[in-house]
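Below: the structure, in structure tokens.
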Amino acid sequence: MSDLDLLPTDVEDDLRASVRELLADRCPPSAVVPVYDGDRSSIAPLWRALATDLGLAGLLVPEERGGAGASAREAAVVLEELGRAVAPVPFLTSSVVATTVLSAAGPGGAGAGLLAALAAGERTAALLVPLGTAPGGRLPGFAVDGSGRPAGQVRGIAGALEADVLLVPVAGPDGTSVHAVPAGDARIDPVISLDMSRQLADVVLDGAAGERVLGAEAGDAAVRSGLEVGAALLASEQSGVAQWCLTTTVGYLQDRRQFGRVVGGFQALKHRLADLFVAVEQAAAAARYAAVTVAEDDPDRTVATAVAQAWCGDVAVRAAEEAVQLHGGIGMTWEHPAHLYLKRAKADQLAFGTPGTHRARLADLLDLPAPAAP
Amino acid sequence: MSDLDLLPTDVEDDLRASVRELLADRCPPSAVVPVYDGDRSSIAPLWRALATDLGLAGLLVPEERGGAGASAREAAVVLEELGRAVAPVPFLTSSVVATTVLSAAGPGGAGAGLLAALAAGERTAALLVPLGTAPGGRLPGFAVDGSGRPAGQVRGIAGALEADVLLVPVAGPDGTSVHAVPAGDARIDPVISLDMSRQLADVVLDGAAGERVLGAEAGDAAVRSGLEVGAALLASEQSGVAQWCLTTTVGYLQDRRQFGRVVGGFQALKHRLADLFVAVEQAAAAARYAAVTVAEDDPDRTVATAVAQAWCGDVAVRAAEEAVQLHGGIGMTWEHPAHLYLKRAKADQLAFGTPGTHRARLADLLDLPAPAAP
Amino acid sequence: MSDGPTTPGELRQRVADFLAEHPPAGTDRLEFLRARYDAGLAWVHFPPGSGGLGLPRSLQAQVEEELARAGAPDNDPRANGIGLGMAAPTILAFGTEEQQRRFLRPLWTGEELWCQLFSEPGAGSDLAAVSTRAVREGGEWIVNGQKVWTSGAHKARFAILVARTDPDVAKHAGLTYFLCDMAAPGVDVRPLRQITGEAEFNEVFLTDVHIPDDHRLGAEGEGWRVATATLNSERVAIGGGAAREGGMVGVLSRTWRQRPELRTADAHQRLLRLWVEAEVTRLTGKRLAQKLAVGQPGPEGAGMKLAFARIAQETSGLELELLGDEGLRYSDWTLVRPERVDFTGRDAGYRYLRAKGNSIEGGTSEILRNVLAERVLGLPPEPRVDKDLPWKDLPR
Amino acid sequence: MSDGPTTPGELRQRVADFLAEHPPAGTDRLEFLRARYDAGLAWVHFPPGSGGLGLPRSLQAQVEEELARAGAPDNDPRANGIGLGMAAPTILAFGTEEQQRRFLRPLWTGEELWCQLFSEPGAGSDLAAVSTRAVREGGEWIVNGQKVWTSGAHKARFAILVARTDPDVAKHAGLTYFLCDMAAPGVDVRPLRQITGEAEFNEVFLTDVHIPDDHRLGAEGEGWRVATATLNSERVAIGGGAAREGGMVGVLSRTWRQRPELRTADAHQRLLRLWVEAEVTRLTGKRLAQKLAVGQPGPEGAGMKLAFARIAQETSGLELELLGDEGLRYSDWTLVRPERVDFTGRDAGYRYLRAKGNSIEGGTSEILRNVLAERVLGLPPEPRVDKDLPWKDLPR
């Protein structure tokens, strides 16, 4: 674990620059805030630009399977930028989680065509596991009906509203298989979500035909791997959210004057921001390390993911809360973008398990057991 | 619980003034620091002055049993002042804990003479329960030998070095009885303690004759009551420690100059001290409420004690840590008294159970149960 | 009214007499309230003739209790918090006799609601920096400017207003305090949407609003002193009297008890810490209230709001974590104007977002820490460059 | 020495050649170290002739590894931290050729230990406020004053010293930097007892100490700039390279594993949080070290010490709570001068008390937060009145 390279490559720096440029152009806060009033019209074109024009949808897919053959390092860079922009696109849910699940099926298998379509940005998928599920958490139990079709319902799915295809974990006697079902055949009810820039949906399946893409011997591991990679890379999104909050707040306080002084010169605020800076840098390092362990399939990946989630979720929330507080009244208003980041940060903190859940996982992983019950 | 009067009476104000005056005169830091090098010569005369001249030893003993007939309110005032001075006297161990245990025996019983002697300051007692024991914690198990004499050993006893009489909880088949044993008949080994201003001792009893002062039907409740009253009033000592630290630090920073400015004018320090002030006021209120519930034997006494211990222990430590930090280098030296308060605060935090232990008690008392084991 | 009651017993008798004369069951609500005001039972610590009896403030609770026991209607104090908590004491302290007679009774009965026009987008915590201008023209003042964070402006009949009347003197010296008719031409109230989706506050645009000079409160240029008094009454109004497990910690404790399936060891420890913090804060408030009742206000009052905000924010944040997937849902983002603000109401997401305002509105936590450090602990004030310069020359 | 190695492979060869010539087994320790210095293998990033080869600092680790593998003695770097970490880079940067020749070799081999005479009782964090005076007399300086927080002064042969040479100019401008012979008459070293009971530091009283002018480092009046460089090297030296569960968290984790009877739910949650914080700090240090290795020092370096102090203090405090009754005991209050400082050594009480110094020594946490806020985040500096006044006119 000690020799992993945590520094970005030139390729990653270029990738970051392209994504940032596109988002600056196409995804300013004014393009995000309407989703809170139900106007989601900006999402599809933005996602097309990212997925297809920049080719981000296929980052994690090997070249021979139709993707860009990049790794979790590059995906982490993208997520950091998406976090900075609270971009309302299904990159994490489709291009990371669903793609990781599907990749577990070997080349030439049932899901190969779908994987290539996801990689090309032609289709978008979502895994039917609630957003709050930790990698080690309980999976929803879809069953198959008499005709072998998955049936059941699940609440709080991220990415379902943007998806063409739903990946359904089906519990059977031999394990969990995964079926791909056309989104059009499911009932997808939008949920009024704390974070409307990643709006959830409740999904009901009842008789929709699907294709089994992973057998019962492989599905559980594939789904859990999808959740773990999702959790590992979510940390980069959180790091991006935190960085935006810190940078924006510092910038605001460098300009704002009160009591005849630049507000950023008041020492109590300087010290809080210095402490926050340290925490944000720690988050960046932790998120980076988690991404690198995923990219290298390092044995430390599970610990690294739990550490990153235990830290970055709280730091992003703290950064967003400080942004609201230190902007004063304006930070409480709808017209300043700080609220978009607060909502994303708080929702991200609950996504893939709370920091507390990940600390509990670490207790097991590190042999630091809880006290025996009295 | 809502009608208890939290304000001091005039009598209490007068008592505070007398104790403070005596301590200012007889117990400056320079009189305390030598105990760390083993010079305990100042303790006995100081204790005599407090116990006998001011008559504090008998505060909690009814007048008809030889005491001053005051209450836990007055004892709390004394402890606050003793805390402010980190006074190395056995008021808490003898005049609060041992006295409360002994008071459980009715008038005219076996311990009546001893109680009167304690009240008069003629004798000093210590309960043979380790200082770290919470009111609900495990009591040490002395046994009786063949000739009915208590035998066994116990580590970490506060007040034993200053005591003439040891109160020994003896576990028997019918419960815990309490025996009074002359300190001279026990082996009392001084312990190098974190807080030498309340130095501990390890005690071995082997064949010392004693008098049974509480029978097996009453001893356990009496000992636990002693510990609970000790815990409740320790909060006032902690409040006093915290107040000294805050006041002294503020005073230092009002004088000290750096970078051409009065250091106390740097806003980051001002804000920290403001937050500390709030916590110290909360500690004062919590300690006061605990003392009043003891004085009134209010049904809320157990909750009030746990709340006070859960809060005040941490606040005193925080105040002492801030005192060391904000005094800069001088706070780290032997010549500045801050270290005496840091050691007392940290030891007090562990005395009668840690704040964590008291929070765990609250979980039971308030029906806020821990999660079921997974 | 030197023959008024002076002891709790005499006061009790007076309430009984009043109730006999105006039986709540058979009296119109408004009529009852007006009569109560005239009987000096509105706020007994106000002077006779202004709804009071010149008694200690601590006796008010007894009056409320006895009237409530008799089934008397109240004046719906939560609907007019600014009026009762801020405008009334300021009018009492600085108003002319005529102003007191004109404004206090309909304010107290709730016939006229009040709002506050202090904050401005460019001023923030620095109230003395307000730039709304009031220019004297004959017996009137012509006011222009923009105010913000005005709750209830769309329902209020009057506002307390701070405006700059002299830009050529130092910023604290050039302010004047007015009572502004919200129905006057040029007053434009617009909802201000906040992060909860609601518009609990308003922006108020003032364009050539005419205010008669007899609606000036205090002398010209004395606005800072008057406004400070207003803000101090606001701070006194906070704290005290709360029950154990009141507020956000109570909400979370009930969820904890009712939903064992949500419990985790992490949340348990955090809940217990917050419970303790809420309880010691409650005890501090109680002690403070007892001090106030005997006329010894303690300095810890300024810390109550700090503690309250912290606890509410931490607790509501923890609640969302405890709820997990449920915490990812929200009730309603629609832009509405809520009738009442209920910090512990609606859903957990609302509570979390709304609590963020607790450390901003009514004095930010940063300002309160300055106040505590300087006024209570006696630490030096911040170095300032703006105290003596004329307002118009300050950098902005 | 332009024919020196330039690649890791060439460097490896050079080390191999050196080892062949000076086999560790058969060579006297001091002789070996001197030869290593002369071969440029002491600190490869120093220039040729000064113990180095002018290579990137990152290659040093390789040299150390290969020499250690061959069983070579080291120069006991922990015994001369001030010399190696602070004096050497400063002498390299500001020293004359003669000074470099005289001081660097015996410094590196450990034949001459160094200490630091910067801090003063009245100056604290404000290094530029030092009042120790140095007055020129012919080719010498006569020094009078008092220094404090000097570790190793009783063993040191030389000291780096900052003294005031001109009280009539602003405080940063009137300082000069010297190399002080600790054996000179007038240097009086007294142990300074600290809260642990030990005397890890000293007070040093300087009474008419003569320092030859050729022991001045840098120009007269340039002391502030030289001292700043010294302190920057100190900060760079911190962090990086630590193993997981190094430091205080490792101590506590081992106790947790070995003593299940001590475990509580409260301590468990706090341990896990501290473990995570220590791990993310370690990762930050690792990333920083990688940046440094490619010549891109990151701004997060200044934050490492802050985090380290916080974690050490929290963890050692928790350890005492975990130990309960055992935590109430201490090992030894006797006034001793410890050979080495081991933050994680001795008993838990010692660890707790000693860790309090982590946020004071080598730059307080408050000063580091200022540095981060101003230099990294670009926030305005503190208002200062002392920058331009002559030092002698400053209020003290």
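Per chain, numbering begins at 1; letters A, B, ... match sequence-line order. What you see below is based on every heavy atom in this structure, not just the backbone, and it leaves out hydrogens, waters and symmetry mates.
A tilted orientation is assigned to the rings of W334(A) and W333(C), their planes being inclined by 30° to 60°.
A heavy-atom distance below 4.5 Å is found between the side chains of T333(A) and W149(C). Residues L353(C) and H339(A) have side chains not in contact (no heavy-atom distance under 4.5 Å, counting atoms from C-beta outward). Looking at heavy atoms from C-beta onward, F259(A) lies in side-chain contact with I367(C) at the 4.5 angstrom threshold. Using a 4.5 Å heavy-atom cutoff, the side chains of L200(A) and L328(C) are in contact. Residues D37(A) and T334(C) form no side-chain contact, since every pair of their non-hydrogen atoms from C-beta on lies 4.5 Å or further apart. No side-chain heavy atom of M332(A) sits less than 4.5 Å from a side-chain heavy atom of E200(C). The shortest side-chain heavy-atom distance between T264(C) and T357(A) does not fall under the 4.5 Å cut-off.
Within the 4.5 angstrom heavy-atom criterion, only side-chain atoms of V317(A), from C-beta onward, approach chain C. For P383(C), the parts lying under 4.5 angstrom from a heavy atom of chain A are both the backbone and the side chain. When heavy atoms are compared at a cutoff of 4.5 Å, Y350(C) does not approach chain A at all. Both the backbone and the side chain of S193(A) come within contact range of chain C, judged by heavy atoms closer than 4.5 Å. In this structure, the portion of S331(C) lying under 4.5 Å from any heavy atom of chain A is its backbone and not its side chain. Contact annotation for L269(A): only side-chain heavy atoms (C-beta onward) come within less than 4.5 Å of a heavy atom of chain C. Residue N370(C) does not touch chain A at all, counting heavy-atom pairs closer than 4.5 Å. Proximity to chain C involves both the backbone and the side chain of I192(A), based on heavy atoms less than 4.5 angstrom apart. Q349(A) touches chain C through its side chain: at least one heavy atom from C-beta onward sits under 4.5 Å away, while N, CA, C and O do not. Proximity to chain C (any heavy atom under 4.5 Å) is shown, for R198(A), by neither the backbone nor the side chain. Proximity to chain C involves both the backbone and the side chain of V324(A), based on heavy atoms less than 4.5 angstrom apart.
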- Go through L342(A) and Y352(C) one step at a time and tell me if the side chain to side chain contact (heavy atoms under 4.5 Å, CB included) criterion holds. CA-CA 10 Å; L342(A) 179 65; Y352(C) 173 73; 3.4 Å; yes
- Can you check salt bridge (charged side-chain N to carboxylate O under 4.0 Å, His left out) on R155(A) and E326(C), steps first, answer last? CA-CA 9 Å; R155(A) 286 159 58 88; E326(C) 278 175 64; over 6 Å; no
- Item | Evaluation steps, side chain to side chain contact (heavy atoms under 4.5 Å, CB included), between E366(C) and R272(A) | CA-CA 11 Å; E366(C) 290 73 30; R272(A) 272 160 66 172; 2.7 Å; yes
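Listed here is the closest heavy atom pair of L194(A) and L320(C): CD2-CD1, 4.1 Å. In terms of heavy atoms, I195(C) sits closest to K343(A) at O-NZ, 2.8 Å. Of all the heavy atoms in P355(A) and E321(C), the pair that sits closest is CD-OE1, 4.2 Å. Here the closest heavy-atom approach between residue D325(C) and residue G156(A) is recorded as OD1-O, 4.5 Å.
Expressed to the nearest 0.5 Å, how far CZ of R261(A) lies from CG of D126(C) amounts to 12.0 Å. Here the straight-line distance linking atom CG of L322(C) with atom CG of L350(A) works out to 10.5 Å at 0.5 Å rounding.
Under the 4.0 Å criterion applied to side-chain N and carboxylate O atoms, E321(A) and K356(C) are assigned as salt-bridge partners. Ionic pairing of R329(C) and D202(A) is present here: one or more N-O contacts between side-chain nitrogen and carboxylate oxygen are shorter than 4.0 angstrom.
Panel note: side chain Q325(A), backbone S359(C); a donor-acceptor pair is recorded below 3.5 Å. Not a single donor-acceptor pair under 3.5 Å links the side chain of R369(C) to the backbone N or O of A268(A).
Contact tally against chain A (heavy-atom pairs below 4.5 Å) for G349(C), S365(C), G327(C), A267(C): the top residue is G327(C).
Within a 6.0 Å sphere centred on CZ of R257(C), other residues, nucleotides and ligands contribute more than 12 heavy atoms.
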